[in-house]
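Contents: one structure, followed by commentary.
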2 protein chains.
Amino acid sequence: MMQKLEQQLCFEVYKAANQFTKLYAKTLQPFGLTYPQYLVILALGDEDNQTTSSLCDRLGLGIGTLNPVLQKLVEKGLLKKEPSKKDKRASYFSLTEAVKKLQPAIEQAIVEKLFCFDYLPTEGPILKERLQQLNEFLEMMNKEETV
Amino acid sequence: MMQKLEQQLCFEVYKAANQFTKLYAKTLQPFGLTYPQYLVILALGDEDNQTTSSLCDRLGLGIGTLNPVLQKLVEKGLLKKEPSKKDKRASYFSLTEAVKKLQPAIEQAIVEKLFCFDYLPTEGPILKERLQQLNEFLEMMNKEETV
DNA sequence: CAAATTTATATCGTATACGATATAAATTGA
DNA sequence: TCAATTTATATCGTATACGATATAAATTTG
């Protein structure tokens, strides 16, 4: 027998991801940002001046996905792209002053929209830890095939 | 201060969804199916003969997303589309014999790939319940704006 | 050191995913 | 009843997301 849809973990993850993207899209829209674009900014906020491949690793995305996102952010003047001097193939991305000025307002919008309710601050951390374990498992599974 | 990327629940959900999609893509590829296409088949497995809007509700997707998926499944001969007699606007979708014959093999492939390890059978159900709660919260948040 | 391999980025084709808009059919209401 | 609204589906434009392929630069190897 086929497993029922409701019984499947992957389906709950799938729905949650779509819902989160929608919610963030609404919140970030006044800033002209999408959720993946915002993730890039967060990643560079943690550690500025990263290469494309470093950002791919960090966000768990392929270069075919991330490259257009990075290009768009550069066009918008939110990222600066500089060729590496040591490695002529590589480029480094860093946050511009424009986006640094924007960050507090973005954070406030997200806190107001998402974290003003009890649910996420209470349940979020527990769920997050379990999802981290799940992600370790899934990453392992996705690498498995290469062997 | 901007929240660190690792601290964010939404980011873990985002990564998990991408990883799951990749894993299912590999598993379903021999059957010529993508993950969303498989979800449609699962939804109709639970209850056959549903309208487009019913499937949209069930999968949490908009019609702009689901319509092309349904069209492709019909083209492949896996779904049958029939106009409703009572409502000239509506269409009903049901599984063809072709896909019903395929289902056991699909299920076996997924079990072999994903559920042969301890992790998902053990941790899956706990995580799933918490994600269901999260999804209720997120759906509420996404509806909120209409008010 | 030169050939073979690997690495870093770029591009392409396919498939979602979303919101906005369009259209026809059904329903509601004055 | 018949205009106004709602509902069901369809289509369009934008933005991911993936794997495959391409290319140039760096690294490894024989």
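Atom set for the values below is all heavy atoms of this structure, side chains included, hydrogens, waters and symmetry mates excluded. Protein chains get the first letters and strands the later ones, always in sequence-line order, with residue 1 at the start of each.
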Does A:T34 reach the side chain of A:L28, with side-chain heavy atoms less than 4.5 Å apart? no
Under 3.5 Å, is there a donor-acceptor pair between the side chain of B:N135 and the main chain of B:L131? yes
For D:dA10, does either OP1 or OP2 sit under 4.0 Å from a side-chain N or O belonging to B:K81? yes
Just how large is the angle between the end axes of the helix from C:dC1-D:dG30 to C:dA30-D:dT1, five pairs per end, to 10 degrees? 20°
Under 4.0 angstrom, heavy atoms only, what part of the nucleic acid is A:L66 near: base, sugar-phosphate, or nothing? nothing
If you draw a 6.0 Å radius around NZ in B:K88, do more than 12 non-hydrogen atoms from other residues or ligands fall strictly inside? no
It should be established whether B:T52 places a side-chain nitrogen or oxygen under 4.0 Å from OP1 or OP2 of nucleotide D:dA8. no
When the distance from CG of B:L23 to P of D:dC18 is rounded to whole Å, what number comes out? 13 Å
When rounded to whole Å, the CZ to P distance for the pair A:R89 and D:dA24 reads 13 Å
For the ring pair B:F31 and B:Y38, is the centre-to-centre distance below 6.0 Å? no
With a non-hydrogen cut-off below 4.0 angstrom, is B:T51 in contact with a base, only sugar-phosphate, or nothing? sugar-phosphate
Within less than 4.0 Å of OP1 or OP2 of D:dT9, is there a side-chain N or O belonging to B:S53? yes
Any base atoms under 4.0 Å from A:Q71, or only sugar-phosphate, or nothing? Heavy atoms, all strands. sugar-phosphate
Give B:G64 one of three labels, base, sugar-phosphate or nothing, depending on what nucleic acid heavy atoms sit under 4.0 Å from its own. base
Just to be sure I understand the rule, does A:Y92 reach a base, reach only the sugar-phosphate, or reach nothing, if contact means heavy atoms closer than 4.0 Å? nothing
Whole angstroms only, please: what is the NZ-P distance between B:K143 and C:dG19? 14 Å
If you look at every strand shown and take non-hydrogen atoms under 4.0 Å, does A:S84 touch a base, only sugar-phosphate, or nothing? nothing
Select from A:F93 and B:G62 the residue whose nearest nucleotide in DNA chain C is closer to the 5' end of that strand. A:F93
NA contact type, A:S91, heavy-atom cut-off 4.0 Å: base, sugar-phosphate, or nothing? sugar-phosphate
Respond yes when some side-chain nitrogen or oxygen of A:Q29 is under 4.0 Å from OP1 or OP2 of C:dC18, and no when none is. no
